[in-house]
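All figures in this text were calculated on a predicted structure; none of them were measured in a lab. Heavy atoms only: backbone and side chains are in, while hydrogens, waters and symmetry mates are out. Lettering of chains follows the sequences in order, A, B, ..., and the numbering in each one begins at 1.
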Amino acid sequence: MPPEALRRSRVNDLLTSTDLNRDVLVKGWVRTRRGNKYVQFIALNDGSCLATLQVVADLSKFSEESLKDITTGASVAVRGQLVASQGKGQAVEVQAEEITVLGTADPETYPLQKRGSDQKGISLEALRDIAHLRPRTNTFGAVLRIRHALAFAIHQYFNEHGFYYVHTPIITGSDAEGAGQMFRVTTLPPEHPPRTADGSVDFAEDFFGKQTNLTVSGQLEGELAAMALGQVYTFGPTFRAENSNTARHLAEFWMVEPEMAFYDLPDNMDLAEDFLQSLVRYALQHCAADLQFLHDTYDKELLGRLQFVVDNQFQRLTYTEAVEILKTAKQKFEFPVDWGTDLQSEHERYLVEKHFKKPVILTNYPKDIKAFYMKLDDDGRTVRAMDVLFPGIGEIIGGSQREEDLGKLEARMAEMHVPADELWWYLDTRRFGTVPHSGFGLGFERLVLFVTGMGNIRDVIPFPRYPKKAEF
RNA sequence: GCUUCCUUAGCUCAGCCGGUUAGAGCAUCUGACUGUUAAUCAGAGGGUCCCUGGUUCGAGCCCAGGAGGGAGCGCCA
């Protein structure tokens, strides 16, 4: 077969191949090159897996000069024989016949040189400054493959359970969704915007003829779709203009929001629990090598923790019961626990990591600390809210049964100063054929954070956006 | 936004009580070595000590302001 006819093989396929002693073509990026003047070894990675393929260059076939540009980070195409490895450490290797350098990487300026024998490489913080190159590291390759697998598993889960994927708008005309500060979307000139008679900016002149923002949630539109399709979900970008500086917040993140007609709160909890367990199980089954690497490198309890979540039921209890546990806890808290105030993250951590030692679903929060659309309990004091709390992450899911009674919903909106006239279309769902329904929001990066065991949410999204950072 | 810590070579970090010419490991470069495995061995090059100002005979070190980053908290997913 002439070399031109050879199809490129992926590194992952070659490493697992038992079809040896054949011509192969591989292309990828050089991780390291080592050897002597007689034989050189090139570790080649193409992103198809964590491992590298060993390419052997016999110096009787290659001049030292021709290998000079094969440095860490360079891209190459290799044609050669796939053979059983002569050395230890790998089953197969490629005896190179021909190596073409596709792109060089100047060793003096390419920042991702191999790690030293002291094991100290470039820190995760330093890698954030070169986020355009960090996918080439073992860590970010593993994280991005796991991130992909989880996104795929989400679509697969919902598809298999009769949910429809709906696309809710990114630009929204209402700022009444109540989930935090919003980013304004405008085409008005920032220097001299048109003004109304009273001097304020005249948004009637703006692109949409009104003030518009980036969405903070697709939930309200998701509810509209659920009132026709039954079970739906959204999976899209979400924007919060909060000045949040933590390892668990981003200004731009991806959120999964299922919304189900005819689901009450227990149905909602059942779905959330099965959903999360299925996703973690999927990652364990399909990302074993990448997870093992992250386990060995960063977090020796990662695999045990993931398996535990899959194997054990989540602990369900009401907010009121949680407050009782916290009040009698021997642990000293910085903030006092009082019925009616929201739990601090130290309280949530105690419940999850110390008291129950498993994921917790807290329900029936006081109505005054939750959103207007949550269904009021019969006692009139609490609402049918649920927060799923995970170890190390805190709140990974927030959801509720929605208030389906028009009168009660309007009363809650009035109480909480939510402008009902702007949400006339939302209220129409309660006006025409209203049904009990529920839903929740899963922070996708928080899921990736949990599954990868990474410590900072900025390291589980390719190009993180947070206060003072929109590079790349 | 608040609290707190940090910023010294490409990277990870030392740097004593304020005292001569700024230190290590890794990386890079050069050389050696017939199958390496984070190769090994020998040598070399590499510095705006984050910035600005101040104190001092003398500042990487002390003081003030600024910038950037980490961790914790709040907001939440």
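- Using a 4.0 Å heavy-atom cutoff across all strands shown, A/E257 reaches no nucleic acid atom at all.
- Going from the P atom of B/A27 to that of B/G72 covers 32 Å, rounded to whole Å.
- Residues A/D377 and A/T382 have side chains that bring a donor and an acceptor to within less than 3.5 angstrom of each other.
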When the side chains of residues 456-463 of chain A are checked against the rest of the protein, which donor-acceptor pairs come out under 3.5 Å, sequence neighbours left out?
residue: A/N456; atom: OD1; partner: A/R458; partner atom: N; Å: 2.9
residue: A/D459; atom: OD1; partner: A/R128; partner atom: NE; Å: 2.9
residue: A/D459; atom: OD1; partner: A/R134; partner atom: NH1; Å: 3.2
residue: A/D459; atom: OD2; partner: A/R128; partner atom: NH2; Å: 2.9

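- Between the C1' atom of B/G35 and the CZ atom of A/R34 lies a distance of 10 Å, rounded to the nearest Å.
- Under the ring-ring contact (aromatic ring centres under 6.0 Å, His included) rule, A/H161 has a single partner from A/F158, A/Y157, A/Y164, which is A/Y157.
- With ring centers used as reference points, A/F314 lies under 6.0 Å from A/F390.
- Rounded to a whole angstrom, the distance from the P atom of B/C17 to that of B/G70 is 31 Å.
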Taking only N/O atoms, report every protein-nucleotides 30-33 of chain B pair under 3.5 Å with atom names and distance.
residue: B/U30; atom: OP1; partner: A/K68; partner atom: NZ; Å: 3.4
residue: B/C33; atom: OP2; partner: A/K37; partner atom: NZ; Å: 2.6

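- Regarding A/I122, its CD1 atom lies at a distance of 15 Å from the C1' atom of B/G25, rounded to whole Å.
- Contact of the A/P391 side chain with the A/R305 side chain is registered, since non-hydrogen atoms from C-beta on lie closer than 4.5 Å.
- Across all strands shown, A/E93 has heavy atoms under 4.0 Å from base atoms, whether or not it also approaches the sugar-phosphate.
- Between B/C41 and B/C26, the two C1' atoms lie 16 Å apart (nearest whole Å).
- Ion pairing between a basic and an acidic side chain is recognised when a charged N comes within 4.0 Å of a carboxylate O; A/D270 and A/R316 show such pairing.
- Nearest heavy atoms, A/A322 versus A/L362: CB-CD2, 3.5 Å.
- Whole-Å rounding puts the A/F235 CZ to B/A77 C1' distance at 12 Å.
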task = Verify ring-ring contact (aromatic ring centres under 6.0 Å, His included) between A/F235 and A/F444, making sure each step is shown before the conclusion.
result = CA-CA 9 Å; A/F235 186 175; A/F444 181 59; 5.0 Å; yes
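- Straight-line distance from the CD atom of A/Q181 to the P atom of B/A77: 15 Å, rounded to whole Å.
- Using a 4.0 Å heavy-atom distance criterion, A/G441 is classed as a sugar-phosphate-only contact.
- B/G15 and B/U21 have their C1' atoms separated by 15 Å, given to the nearest Å.
- Atom CG of A/L250 is separated from atom P of B/A77 by 14 Å (rounded to the nearest Å).
- Counting any heavy atom pair closer than 4.0 Å across all strands shown, A/E445 reaches no nucleic acid atom.
- A/D106 places its CG atom 12 Å from the P atom of B/U28, with the value rounded to the nearest Å.
- Note on A/K370: nothing from the nucleic acid sits closer than 4.0 angstrom, heavy atoms only.
- With rounding to the nearest 0.5 angstrom, the CD atom of A/E445 is 9.0 Å from the CH2 atom of A/W254.
- Under 4.0 Å is where a charged nitrogen must lie from a carboxylate oxygen, and between A/K370 and A/D387 at least one such pair does.
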query = Just the dot-bracket of RNA chain B, please: which string comes out with Watson-Crick or G-U pairs under 3.5 Å, [ ] for crossing, | for another strand?
reply = (((((((..((((.....[...)))).(((((.......))))).....(((((..]....))))))))))))....
task = For nucleotides 70-75 of chain B, just jot down a letter per nucleotide in 5' to 3' order: B, S or -, based on protein non-hydrogen atoms under 4.0 Å.
result = SSBBBB
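- Residues A/Y373 and A/Q219 have side chains that bring a donor and an acceptor to within less than 3.5 angstrom of each other.
- Distance check on atom P: B/C61 versus B/A9 gives 15 Å, rounded to whole Å.
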Distances under 3.5 Å between protein N/O atoms and the N/O atoms of nucleotides 41-48 of chain B, please, pair by pair.
none

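- To the nearest whole angstrom, the two C1' atoms, one in B/U52 and one in B/A22, are 23 Å apart.
- A distance of about 36 Å separates the C1' atoms of B/C50 and B/A42, rounded to the whole Å.
- Checked against A/I42 for a side chain to side chain contact (heavy atoms under 4.5 Å, CB included), the options A/V30, A/V78, A/T52, A/V94 give a single hit: A/V30.
- Per the geometry, CZ belonging to A/F444 stands 13 Å off C1' belonging to B/A77, to the nearest Å.
- Between A/R10 and A/D13, at least one side-chain N (NZ, or NE/NH1/NH2) sits under 4.0 Å from a carboxylate O, which counts as a salt bridge.
- Considering CD of A/Q40 and CD1 of A/I99, their distance stands at 9.5 Å, rounded to 0.5 Å.
- When each of A/Q113 and A/F41 is assigned the nucleotide of RNA chain B with its nearest heavy atom, A/Q113 is the one assigned upstream, toward the 5' end.
- Annotation: ring pair (Phe, Tyr, Trp, His ring centres under 6.0 Å) contacts of A/Y365 (sequence neighbours excluded): A/Y319.
- Remark on RNA chain B: of its neighbouring residues A/L442 and A/Y110, the 5'-side contact belongs to A/Y110, judged by nearest-heavy-atom nucleotide.
- Rounded to an integer number of Å, the gap from CG of A/D129 to C1' of B/C50 is 13 Å.
- Within 4.0 Å (heavy atoms only), A/A43 reaches no atom of the nucleic acid at all.
- On the C1' atoms, B/G47 is 15 Å away from B/U7, given to the nearest whole Å.
- Side chain of A/E353 to main chain of A/G392: a donor-acceptor pair is present (N/O by atom type, distance under 3.5 Å, no hydrogens or angles).
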